[in-house]
Amino acid sequence: MPPQTPVDRPAASSACPCRSGAAFGECCGPYLSGRAAAPTAVQLMRSRYTAFAVGDAAYLLATWHPSTRPRTLELDPHITWRSLEIVRSERGGPLDRDGLVEFVARYVVDGERGAQSEVSRFVREDRWRYVDAVG
């Protein structure tokens, strides 16, 4: 299967899909483009949500820890991601080696609303990476 390419990437001046309140070009845009690495676990979580929202499977794979990363990732084109709420975080700062981020991501699929709640585990080695869901 050929790799998926990003779709519907916002303009730099548009609101970031992660709903941080910042423009895409100042929030998740630099991370998705590869110009910068997310400095915290929360920012990596926001950028990964944005990658789901715009269909950037390559970014999701690149920011997944090799020990748990799938070989391929096919995103469901029928899901429209609507909002991200960061519920809490533990550690995950620029000087930490690990962190947890609890979030709720809301979506619509086939006209039905849904939500994904998760406590995600992150590690920082050369950069922050998503490891897995806790519990």
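We count residues from 1, following the sequence as given.
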Sequence neighbours left out, what passes salt bridge (Lys or Arg N to Asp or Glu O under 4.0 Å) with D96? Give chain and number order. none

Measure the spacing between CG of D98 and CZ of R124 and express it to the nearest 0.5 Å. 10.0 Å

T40 and S89, any side-chain heavy atoms less than 4.5 Å apart: no

Return the set of residues passing ring pair (Phe, Tyr, Trp, His ring centres under 6.0 Å) with F52 (not counting sequence neighbours), or none when no residue passes. W81

L75 side, atom CG; D56 side, atom CG - distance, nearest 0.5 Å: 8.5 Å

Side-chain hydrophobic cluster, 4.5 Å single linkage: members besides L100: V119, V134

Under the side chain to side chain contact (heavy atoms under 4.5 Å, CB included) rule, what do V123 and H65 come out as? Steps first, then yes or no, please. CA-CA 8 Å; V123 296; H65 195 272; 3.4 Å; yes

Using a strict threshold of under 4.0 Å (side-chain N to carboxylate O), is an ion pair present between E125 and R127? no

Flag, side chain of S33 to backbone of G29, donor-acceptor distance under 3.5 Å: yes

Which donor-acceptor pairs under 3.5 Å do the side chains of residues 18-28 make with protein atoms, sequence neighbours left out?
unit_1, atom_1, unit_2, atom_2, d
R19, NE, R82, O, 3.3
R19, NH2, R82, O, 3.0
S20, OG, A22, N, 3.1

Within residues 32-48 or reaching into it, pairs that qualify as salt bridge (Lys or Arg N to Asp or Glu O under 4.0 Å) - sequence neighbours excluded: none

Checking side chain to side chain contact (heavy atoms under 4.5 Å, CB included) for the pair F122/V101: CA distance, chi angles, key distance, verdict? CA-CA 8 Å; F122 295 86; V101 178; 3.7 Å; yes

Donor on one side chain, acceptor on other, Y59 and S47, under 3.5 Å: yes

Please round to the nearest 0.5 Å and tell me the distance separating atom OH of Y107 and atom CD of E112. 10.0 Å

Please check if F103 and V108 belong to a single hydrophobic cluster, counting links between Ile, Leu, Val, Met, Phe, Trp and Tyr side chain heavy atoms closer than 4.5 Å. no

Does V104 have any side-chain contact (heavy atoms from CB on, under 4.5 Å) partners at least two apart in sequence or in another chain, and if so, which? E85, V87, R106, A115, S117

Is it the case that the ring center of Y130 lies less than 6.0 angstrom away from the ring center of W64? yes

Are more than 12 heavy atoms, taken from residues, nucleotides or ligands other than R113, located less than 6.0 Å from that residue's CZ atom? no

Take Q43 and Y31 through the test side chain to side chain contact (heavy atoms under 4.5 Å, CB included) and record every step on the way to the result. CA-CA 9 Å; Q43 192 56 55; Y31 310 132; 3.1 Å; yes

